[in-house]
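What you see is a predicted model, and the numbers here were worked out from it, not measured in a lab. Order of the sequence lines sets the chain letters (A, B, ...), proteins ahead of strands, with each chain counted from 1.
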Amino acid sequence: MAFDEILLETDQCNKCGFCLPACPTYQITGNELASPRGRIAMVEALARGEIGVGPGLSESLDYCLGCRACETACPSGVHYGVILEAGRTRLREERGGSGREPWLVRQALRQVGNPHRLARMIGLARRLKDFPMPRNLKRFTPMLGPTQSVPAPIQSIASPTSPSVQFFNGCVMSAVFPEANQAARNLLVMSGVDVQEPSNQTCCGALHWHAGDKETAMGFAKRNIVSFEDNPGWVVNTAGGCGAMLLEYRTLLADDRDWQERAERFSARVRDWSTVLMQLGQPLRMRGQRERVTLQNSCHLVNVEKAGDDAVALLEQIQDHEFSPIAGQNTCCGSAGVYNLTHPDWALKILDQKMADVRTVSPQRILVNNPGCQLQMQWGAQRIADDLTVEVEHLATYTYRAAMRGRQP
Amino acid sequence: MASLGEQKLWGALPRTTTGEIARMTPETRKQLTQRLSHFISSDRLLSDPDRLLAYSYDATGERHRPDLVVLPDSVAEAVKVMEIAHAEHAIVIGRGSGSNLSGGTMPVVGGIIIAFSRLKAILEIDRDNRRVVMEPGVVNADLQTRLRSFGFFYAPDPSSHRIATIGGNVAENSGGPHCVKYGVTTNHVLALDLMMADGTLRSTPQVGASRNGLDWTGLLVGSEGTLAMVVGITATITPMPIAIRTMLAVFSSLDDAVRCVAAIVAAKIVPATLELLDRASLEIIEPFVHAGYPVGAEAVLLMEVDGDEVTLEHDVRTIQQVAEESGAVEFRLATSAQEAEALWKGRRAHYGAAARLAPHLWVQDVTVPRPLLPNMMRDVIAIGERHGFQILTVAHVGDGNLHPVISYDPSDPDAVERMRKADHEILKACVRYGGSITGEHGIGIDKVDNLSLMYTDDELGLMQGIKAIWDPSKRLNPLKAILAPHTMMSEPAPSSYDLKPFMRPESLAEGQDLVRAAYYQSQPLTIRGSGCRGSMWAPHPRGWILDLGAWNRLIDFDKENLTIEVEAGFKANDLALLLRDEGLYLPGVHQGQPDTIGGLIAANVRAIQSPQTWRDWVLGVEWIDGRGRRLRFGRKTMKNVAGYDVPKLAPGSEGRLGIVARIILRLRPLPVRPWAAVGAHSDPRVLLEFSQALLQKPWRPETLVVVRAASQDWSLWMAGVSATSEAWVKNLADAYQMTVTFLPDPEAAPARWESLRDEWWAQAVTQRRYVDGSVLPSQLRAISDACASGHGPVVLFPYTGCYEIYGVVGADVPRVTNRVEGTALWRTKAHEWEDIESRTVRLFDPRGLFSLEKDVTYGF
């Protein structure tokens, strides 16, 4: 696609401004340059040759979280994500590669393809977090919450007529939060769904794609498509960010004639585990432990997969707990992939606003459905630890415990 | 630094006017950037040409690059910016969220944009006095969310409320679906903190606090940032209704739908919303959102009524019956919040659905008298067909306010050209029907060239003159809202009219002749209606009397539109009777009232019947100014501010702005089940406390005054419109150990009360003893306390905090506006407004024919 073809997309924007209240970075700055409408205007101006690839454009686009809440708010259906990627691609071309990410980000990107190495690194970091380390790394250690034990797998009760799904593990989920994956698998099994796990699957590629490494992302995408092609069932995962990326394989490979259709078929099968549980599973009896809980919904689950309501519906089915939503339940927490590593200043501002919302509800537990959010909210929980003790946990492990409790008479 | 004007941005329309104003020079830009960067951090000061692109647009569709953008963090910072801009002669444009649809914030000739988006503090929510104080960058929806937790709401709710700021709402006088019942922004703003062009701050006197003096708040609302910048807003808030019913009626013809609206009004129901969608809109909305709208119908009405359960049941039944009688083919009542939401979903999707027809949208905004809506809508369709567009129309039908939407491709120059042509024809058509070229979006840059469709050069000249008073160096949002007229103002034609000490012109033309003669002879004139108001202030007028008694014609009575136009000398009593016979009323007039309408407006006489005042009822005014010119502002539509809201200057002007010759008034249907009651308690403070509690309830009665009649006993006069509220009032009164007596003749009671007050006034004029003023509503007890030592009738207005004392009271009564004691007349005046007031008076009346100083001592 020639760059100026992006005008076909930017022309769809009427500049009505309905995206502004949905945008976390506009909310903290009040600056149009840090708003979806402003970013679209900057890409449009670039395409029309009115501005160059310079600090103005990069300031505008770099600070975008990519949470896509603006797309949900947009009455005209503007493809903001496409416009953003087009602008960012031009920026990277001009800068020459992606050499500008901080050390920690480069490390993370290198490791995600290999869950075992990543898991070892995280384990090491968890042990080292109380030791002296450089300040620019130390600030991130609160993200590393306590390790949770992984529940034992449950024996499948599926019959040949049971619905069958294929589980996508995801690298960060399997390395850092393996307990959530196992809990989700167990829940699906308990509700009578046959869960398979295709071998040879790999990282979804989201972090690479959003950091500009399209090559690697496409490589991962093709490998995953092949791995999941044997079985027509839904592709299930527990990370909103991964789910959104898997959905976007159709966009990523749209220009590749050999893969275009296969990508389309694959993306059409992607579902969040909560959606699967609500739609395919037998209803489960679930009981909480009389806690007040709240939800930080994954913005990609909400805005790209459009399945945020399933997480809410699931929580509403659990008895003996108080589900008390925060004001910004569906707005980005500031994690946004590696945003909290690349732009810690803004990420922190967004997080502190989020924690102010949390404080008004004062829950005992914040539930999440994306690993990035889990890290970010753990950081947030640390920041308000002085006056509120709040646990952060994946929705799947919480729900699984509730289902286990529900089994007891 | 280069000048930023040289590079024309894509989408900038060619304009003849922009050449008149020079762009900022690179040196000035550099100088300004340097000075501002001393106190504005770099993330809040945009000067790099690339970054400025992010402020080159609003929702109108054009693009122009500003010279600088500043995002102040406080009003004090904004003031500093303004002072520096003033010193450097720089153009300044205020901006909220940039969601406006008339190009009001577009920097067509560059300049500094002051973006108020960071000033979003709600400073105070005062339940007792039912008002909110806030900064200009507060987003309308955020305010609503905050108020909801207090059980209140802020009535104006433009469709862009999710992002539009209150500052922007004030600048454009925004409306919204609920305006048909609750009124537009100007009906809810009490006072404004203003930052003038030179950076000085001043606050407008609170609306309604004083009867006399010019209504600067009213003038500023809708002035589109061309007179001053709004940096603080005090607005009224309203208790949330108890319940709401949402209905959808489907029609096979447009006329049936509009006839249904008329029939609803005739059935004396005032719905909270009345939205109409046309056939073309229905066809595109349904496949888009599946709201369950009938495809193939010619029109649907989406209606909402609010109130208490009992009233609502009656309203819904009546509306259903009326809709069916008007030819509705289907009627649906939402039985749950979800169903109501589904019905609204279609309406809300209108913009989005239209946006999918072509890359860009143009949303127009015009008003016509409501009965002419079908004609206008048919014209719009025909205009669209002529220019190759399918125009979709949605209307706030209760207000006669249409939004034709044209979808077009901005990259196709031919389509843009056709769109502009179609747009111009729509504007011409609405003016032909007696409407206004804008209802709620403002004139901005978009329609400024079309103002001459509505106004003569004299009228444009007057509005331009107002602009020059406020912004003499022409730096505030130039080329918006109003342009200089094509012709220069000339001296009036000579007149040979024979001036006499007492004159009673027969016609307006004779009046004009007379004024022109007075102009050349510098003969002061004193305008008189019935003489019962002005005689208090000028018992021995120095000017020759100009009696308007012969100007008592009815010009236009549009019952279906709920408007009437009369000449100034029309008797209030006659109007009250005429309206009553038609099942209508105007709270400011009553049977037996001796005044003329012009007199009531000039003196801005309060009404017991309603907390609203003449500013809320006067839709249009025709003046004969001090040059003998006829100047007509406003139209017989609810939303009619194009340019400045000049009619707001008439109430309280006391004849100083020339002769108010004709007036267009907004009417209301008489209530179906009125009630009236008198509450009694020996202690007036209990009555006031009860009133304060009552005013926080959604079922509060519209008539509510605490009165001490001549007998020295205090009582509470109340009149409301629903049987349910009657019962609740009784219950609440029990809690205050107050006795309440319901009157057997609720229709007649308010007029009887008003007549009593007329008597008190007449007596006060004879005895020359009168005091009025206003405090915060919650502080009215200070007035009743002060009155304990005096005697004579007293009226306290718990809605507004105003008070009137027709007798003797000690000197310690707080916040007096007017005091008459024998020959001594004393009046407070806002010192800081003297300059603007005297220049405004001179603009209307350059030789001072009407502004003869009265024998008044002014206190500041």
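Nearest heavy-atom pair, B:Tyr55 versus A:Gly30, reported as atom, atom and distance to 0.1 Å: OH-O, 3.7 Å. The nearest pair of heavy atoms linking A:Cys16 to B:Tyr351 is CB-OH, 3.4 Å. Closest approach of A:Phe18 and B:Ile163 over heavy atoms only: CD1-CG2, 4.1 Å. The two residues B:Arg51 and A:Leu33 have their closest heavy-atom pair at CG-CD2, 3.6 Å. When all heavy atoms of B:Gly96 and A:Tyr26 are compared, the closest pair comes out as O-OH, 4.5 Å. Of all heavy-atom pairs between A:Gly56 and B:Asp50, the closest is CA-CB, 4.4 Å.
For A:Gln27, the parts sitting under 4.5 Å from any heavy atom of chain B are the backbone and the side chain alike. There is no contact between B:Thr165 and chain A, counting heavy-atom distances below 4.5 Å. When heavy atoms are compared at a cutoff of 4.5 Å, B:Arg356 approaches chain A solely by way of its side chain, counted from C-beta outward. At a 4.5 Å heavy-atom cutoff, B:Arg44 makes no contact with chain A through either its backbone or its side chain. Residue contact with chain A, scored on non-hydrogen atoms closer than 4.5 Å, involves the backbone of B:Asp58 exclusively. Of the atoms belonging to B:Leu71, it is side-chain heavy atoms, and not backbone ones, that fall under 4.5 Å from chain A. When heavy atoms are compared at a cutoff of 4.5 Å, B:Leu101 does not approach chain A at all.
With A:Arg37 contributing its side chain and B:Gly98 its backbone, the two residues share a donor-acceptor pair below 3.5 Å. Panel note: side chain A:Asn14, backbone B:Leu361; a donor-acceptor pair is recorded below 3.5 Å.
Of all the listed residues (B:Ala115, B:Ser56, B:Ala54, B:Gly352), the one sharing the greatest number of non-hydrogen pairs under 4.5 Å with chain A is B:Ala54. The residue among A:Cys13, A:Gly54, A:Ser76, A:Ala41 with the most heavy atom pairs within less than 4.5 Å of chain B is A:Ser76. Here A:Thr29 is the residue among A:Leu57, A:Leu8, A:Thr29 with the most heavy-atom pairs under 4.5 Å with chain B.
Atom CG of A:Asn31 is separated from atom CZ of B:Arg118 by 8.0 Å, given to the nearest 0.5 angstrom. Between A:Glu59 atom CD and B:Asp43 atom CG the span is 8.5 Å, to the nearest 0.5 Å. A distance of 6.5 Å separates NZ in A:Lys15 from OH in B:Tyr57, rounded to the nearest 0.5 Å.
No side-chain heavy atom of A:Leu7 sits under 4.5 Å from any side-chain heavy atom of B:Ser411.
By the 4.0 Å N-to-carboxylate-O rule, A:Glu50 lies close enough to B:Arg63 to be salt-bridged with it.
Among A:Glu44, A:Glu32, A:Met42, the single residue meeting the side chain to side chain contact (heavy atoms under 4.5 Å, CB included) criterion with B:Leu53 is A:Met42.
Atom NE2 of B:His403 has more than 12 heavy atoms from other residues, nucleotides or ligands within 6.0 Å.
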